[in-house]
Amino acid sequence: MMENFFLIALTAIFLIESVAEVRLFMQVRDIFYRSGRAQPTKRVARIIKIENQWSWISWIFLLLLFVLPDVYTFLVICVITLIETWVVYELQNARNYADSINKNE
């Protein structure tokens with residue numbers, strides 16, 4: 001019973017973070033588009049690359065949730081939620097960094 005509640009909570013957190021991830025990614029791209037920069041800085045480019053890779057990897061993890069036995073479901077949802085939290089954190093930092101360097105120009 002408690003495990004099911006925890007799984008539902010982690011799944012909800014993952015979904016909320018996924019929406020935040022997409023919004024932050026679009027904001028970072030928009031900041032550079034409005035600034036007239038052809039390319040983002042190396043730091044922001046690295047974060048964008050990680051975000052793109054994670055998008056594909058997270059789909060694989062999500063598909064594994066349906067294939068793996070129930071014993072591994074808890075582990076998989078914990079891992080993808082943890083990684084999603086890190087990616088959102090990095091995108092937030094990239095957005096703030098992009099804002100700051102574009103204000104200085």
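Predicted model only: the values in this text are computed from it and were never measured. Worth knowing before you read on, the calculation uses all heavy atoms, side chains too, and leaves out hydrogens, waters and symmetry mates.
Proximity of W56 to N52: side-chain heavy atoms (C-beta onward) are nowhere separated by under 4.5 Å. With a 4.5 Å cut-off on side-chain heavy atoms, Q92 and R95 count as touching. W86 places a side-chain heavy atom less than 4.5 Å from the side chain of I50. Q27 places none of its side-chain heavy atoms less than 4.5 Å from the side chain of D99.
Expressed to the nearest 0.5 Å, how far CG of L64 lies from CH2 of W59 amounts to 13.0 Å. The CG atom of L15 lies 8.5 Å from the OG1 atom of T81; values are rounded to the nearest 0.5 Å. Considering CZ of R23 and OG of S18, their distance stands at 13.5 Å, rounded to 0.5 Å. Here CG of N96 is found 11.0 Å from CG of L91. Values are rounded to the nearest 0.5 Å. Note that CD of E21 and OG1 of T85 are 10.5 Å apart. Values are rounded to the nearest 0.5 Å. To the nearest 0.5 Å, atom CG of residue L62 and atom CD1 of residue I57 are 12.0 Å apart.
Between A94 and V28, the shortest heavy-atom distance links the atoms C-CG2, 4.2 Å. Heavy atoms only, all atoms of each residue included: A20 and V88 are closest at CB-CG1, 4.5 Å. Shown here for W54 and I80, the closest heavy-atom pair between the two residues is CZ2-O, 3.7 Å.
Hydrophobic cluster membership differs between I77 and L63, with clusters built from Ile, Leu, Val, Met, Phe, Trp and Tyr side chains linked at under 4.5 angstrom. F25 is not connected to Y89 by any chain of hydrophobic side-chain contacts under 4.5 Å among Ile, Leu, Val, Met, Phe, Trp and Tyr, and they are in different clusters. No continuous path of ILVMFWY side-chain contacts below 4.5 Å connects L24 to I31, so the two sit in separate hydrophobic clusters. In the hydrophobic clustering of ILVMFWY residues, with side-chain heavy atoms under 4.5 Å counting as a link, V79 and V76 come out together. Under the 4.5 Å side-chain heavy-atom criterion for Ile, Leu, Val, Met, Phe, Trp and Tyr, F6 and L75 are members of the same hydrophobic cluster.
Residues satisfying the salt bridge (charged side-chain N to carboxylate O under 4.0 Å, His left out) test with E90, not counting sequence neighbours, are R46. Y72 is linked by a ring-ring contact (aromatic ring centres under 6.0 Å, His included) to nothing, counting only residues two or more places apart in sequence or in another chain. Not counting sequence neighbours, the partners of D30 by the side-chain hydrogen bond (donor to acceptor under 3.5 Å, both in side chains) test are R34.
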Could you walk me through whether L65 and F61 pass the side chain to side chain contact (heavy atoms under 4.5 Å, CB included) check?
CA-CA 7 Å; L65 285 173; F61 274 119; over 6 Å; no
